[in-house]
Student: 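One structure follows; several queries about it will come next.
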2 protein chains.
Amino acid sequence: MTMSNAGARRKAPTIHDVAREAGVSRGTVSRVLNGGHYVSPAAREAVDAAIKSTGYVVNRHARSLITGRSDSVGFLLTEPQERFFEDPNFNVLLRGCTQALAAYDIPLLLMLAGTQDERRRITRYITAGHVDGVLLVSSHSGDPVAEELRAAGVPLVACGKPIGHASKVSYVAADDRDGARDMVRYLHQSGRRRIATVTGPLDTPGGVDRLAGYREVLAELGIAPDDRLIEHGDYSRAGGEAAAERLLAAAPDLDAVFVASDLMAQGVLSALHRAGRRVPEDVAIGGFDDSPAALASSPELTTIRQPWDRIATEMVRVLLAQIGGEDPAAVILPTELIERRST
Amino acid sequence: MTMSNAGARRKAPTIHDVAREAGVSRGTVSRVLNGGHYVSPAAREAVDAAIKSTGYVVNRHARSLITGRSDSVGFLLTEPQERFFEDPNFNVLLRGCTQALAAYDIPLLLMLAGTQDERRRITRYITAGHVDGVLLVSSHSGDPVAEELRAAGVPLVACGKPIGHASKVSYVAADDRDGARDMVRYLHQSGRRRIATVTGPLDTPGGVDRLAGYREVLAELGIAPDDRLIEHGDYSRAGGEAAAERLLAAAPDLDAVFVASDLMAQGVLSALHRAGRRVPEDVAIGGFDDSPAALASSPELTTIRQPWDRIATEMVRVLLAQIGGEDPAAVILPTELIERRST
DNA sequence: CATGTCTCTGTGAGCGTTCACAGTAGAGAA
DNA sequence: TTCTCTACTGTGAACGCTCACAGAGACATG
């Protein structure tokens, strides 16, 4: 039984204890801990053994104190939180980032900055150097926190293209425009001719780009633009429902709707159902996001999948690169059309 | 313009700078920072002014190094993560905990321990003292991580009653049994006489207690137990669907089903629909959780709401108390019946 | 043999804070 | 006056680590 002092919780072993146990100096132990350069094989072995036998774990506070790094990053949500926390995509993103960071042994600090007060507190916390970088989630433009952090020189990667920021800030985003193009083209190919759309909020890049994709394809197909076929939503179920009602009133002959989010598509589905339109027989519905909502709907939604896991991985990669001194970068990832029963 | 050195990111002011600026010693500044006892009003004022003028923010690493505390807590998820991250209740919980902690200026570290490797890494991290306490989310019993942390003396609060742990571990949970009782009593009061149930997994406290509540009420009503009316699910949509099919086969005369989760209730709804039973006319459905799934179903589900926001608040309160030296505690919170269209 | 280069090792200093302790000044009591 | 007590203040010494530096061999080069 090598229980030694397990469960004692008396005093954690320090680098000094390891050094003594291994018969080397603190410096050598430290070198082993940090990559092991300029360490003889014998010394490294002795240190590794000593680490194991003492159960040594590096004290991050001591390390951070001297290095100035914290070896942690923040996941910052500056939205009114309800919206995002309700969004299943958000969870995939959060999980993906946590996992990607875990691979580097970097803990993720979850920060919510819904109110003005919280924003101030968190900005202070971040600029004080308590995290090495920030993964920023905030769909709306003109986020003051982003600008403040950028100005303070904090490494920063946004999820989605931050609009309104002329300045250089890294971001990772799905190709919204291309996804929208795919969906509209697909609806047209399956024989639909009066294709309407429910957009997202137009102060979000996703809202803008998905609408742009819709318009582009119609133009390329030589279909004249028709404003009656365009209604705006707010990414919520209720918003989708209301928009669908307006569409039905303005353009009762529509035979397809490209909806800029699955959640809104659920609302559209309800409205159509109430209006007595069958899906997909009378009206085809194309969603966006491939959220669980797409599967929970009946019929299940044909939709555009955003590669949230890859987005998470890329955000972490870009952030770590930036922490390592590289320049900001933008990454655009392709989407995928998922065919289900609503078209 | 009092820009002073804003945006410089050169060198953060230390307690020393503040002391010099205020014309006092480090010790006095430190005392102001930590409650301000034994500090003259004049000194305190000078220090406060100096803090403001220098933009000083305490260096948590230095503080943690000497105090041994980290002033942060972990939010640990030991489940296979998909299940939980899909669960909207989880999000409310996570958000609630983050916010409750923010009120104490304590950051939350999100930790996912899905695989064996991750579990080891994270246990190491935690027992090394890098967090002061852990909020544990893990529905299944016999969680080795929980036991390890408890043994290591790490303050710990579980979400939901940990079964299989004879040992003293704090937890906060909704009153599952009472919620189930409410629902079954309600179904009976609305005239249903053949009330079936789809249970959760019986290795979860929720599964066990909700079933117990169901049985109790029937017994109290003098209704003889009938095993054909009880089927087991796994909290998944598909599981609910399968269970409902078995129920319909074994007890075709059922006129109500108490389903131990909304997600399963969705599956039950599908199965009933396929079998040509109308809800609520032929069969009443009672769910549990009041998750968004309850609203996404048609008809919308009558269900039992768990007070997730209060659960979060209480978990944080109990954890902080425990970090402060208090003994473990169990908190049971009342549920609420939400009446909708499925009954 | 002197010199340089390369790998490896130990040592002292210091990161920014808190804590224990010693010390000061003023008030009140003897 | 002198002593004690209280309220306040300053000072070293940690905390556990990394980093810069110096130095020791080993080996090659001139």
Side-chain angles (χ1 to χ4, degrees), chain A residues 9-48 50-51 54-72 105 124-125 127-132, chain B residues 9-48 50-51 54-72 105 124-125 127-132:
Chain A
R9 200 160 178 73
R10 268 302 80 201
K11 206 114 179 58
T14 75
I15 204 174
H16 224 113
D17 301 321
V18 175
R20 190 161 19 77
E21 181 87 6
V24 299
S25 72
R26 290 176 357 251
T28 301
V29 176
S30 177
R31 275 183 288 266
V32 171
L33 254 33
N34 297 285
H37 300 299
Y38 292 94
V39 177
S40 68
R44 184 205 315 273
E45 240 167 81
V47 170
D48 282 340
I51 287 177
T54 53
Y56 171 78
V57 177
V58 63
N59 181 324
R60 289 178 170 233
H61 300 306
R63 171 182 285 176
S64 293
L65 181 55
I66 190 160
T67 61
R69 282 172 286 118
S70 70
D71 293 323
S72 67
D105 212 12
R124 245 174 103 84
Y125 183 87
T127 51
H130 294 313
V131 294
D132 293 339
Chain B
R9 201 160 178 74
R10 264 308 78 196
K11 206 115 180 57
T14 76
I15 204 174
H16 224 114
D17 300 322
V18 175
R20 190 159 21 78
E21 181 87 6
V24 299
S25 72
R26 284 171 10 244
T28 301
V29 177
S30 179
R31 275 183 287 267
V32 170
L33 254 33
N34 297 284
H37 299 299
Y38 290 95
V39 177
S40 68
R44 186 207 313 274
E45 239 168 81
V47 169
D48 282 340
I51 287 177
T54 54
Y56 171 78
V57 177
V58 65
N59 182 323
R60 294 184 158 215
H61 300 305
R63 171 182 285 174
S64 293
L65 179 57
I66 191 158
T67 61
R69 283 173 286 119
S70 72
D71 293 323
S72 66
D105 213 11
R124 247 173 101 83
Y125 183 86
T127 51
H130 294 314
V131 293
D132 294 337

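A note on names: the letters A, B, ... follow the listed sequences, proteins ahead of strands, and every chain is numbered from 1.
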Student: Verify the contact: side-chain N or O of T28(B) to OP1 or OP2 of dG10(D), cut-off strictly under 4.0 Å; return yes or no.
Tutor: yes

Student: As an exercise, state the distance from OG of S25(B) to CZ of R20(B), rounded to the nearest 0.5 Å.
Tutor: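 Between atom OG of S25(B) and atom CZ of R20(B) there are 13.5 Å.
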
Student: Would you give the length of the straight line joining atom CG of L65(B) to atom CG of N59(A), rounded to the nearest 0.5 angstrom?
Tutor: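 One finds 6.0 Å between CG of L65(B) and CG of N59(A).
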
Student: Is there a donor-acceptor contact under 3.5 Å from the side chain of T67(B) to the main chain of R63(B)?
Tutor: yes

Student: Side chains of V39(B) and V47(B): does their closest heavy-atom pair fall under 4.5 Å?
Tutor: no

Student: Measure the distance from NE2 on H61(A) to C1' on dC15(C) and round it to the nearest whole Å.
Tutor: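 Result: 15 Å.
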
Student: R20(A) has an atom CZ; how far is it from atom P of dG10(C), in whole Å?
Tutor: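 Value for this atom pair: 14 Å.
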
Student: Between R60(A) and D105(A), is a salt bridge (charged side-chain N to carboxylate O under 4.0 Å, His left out) present by the stated rule, with each step listed?
Tutor: CA-CA 12 Å; R60(A) 289 178 170 233; D105(A) 212 12; 3.6 Å; yes

Student: Specify the angle, to 10°, made by the local axes at the two ends of the helix from dC1(C)-dG30(D) to dA30(C)-dT1(D) when five pairs are taken at each end.
Tutor: 60°

Student: R44(B) has an atom CZ; how far is it from atom P of dT9(D), in whole Å?
Tutor: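 Nearest whole value for this atom pair: 10 Å.
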
Student: How are the rings of H130(A) and H61(B) set relative to one another: parallel (under 30°), tilted (30 to 60°) or perpendicular (over 60°)?
Tutor: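 Geometry flag for H61(B) against H130(A): perpendicular rings.
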
Student: Below 4.5 Å, heavy atoms only, C-beta onward: do R26(B) and H16(B) meet side chain to side chain?
Tutor: yes

Student: How many whole angstroms separate atom OH of Y38(A) from atom C1' of dC21(D)?
Tutor: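 Rounded to the whole Å, the gap is 14 Å.
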
Student: May I have the distance from H37(B) (atom NE2) to dT9(D) (atom C1'), rounded to whole angstrom?
Tutor: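 It is 16 Å, rounded to the nearest whole Å.
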
Student: CG of L65(B) versus C1' of dC15(C): gap in Å, rounded?
Tutor: 9 Å

Student: On a heavy-atom basis, which atom in S70(A) and which in G129(A) lie closest, and how many Å separate them?
Tutor: CB-O, 4.1 Å

Student: For every nucleotide of nucleotides 17-26 of chain C, 5' to 3': is a protein heavy atom under 4.0 Å from its base (B), only from its sugar-phosphate (S), or from neither (-)?
Tutor: BB--------

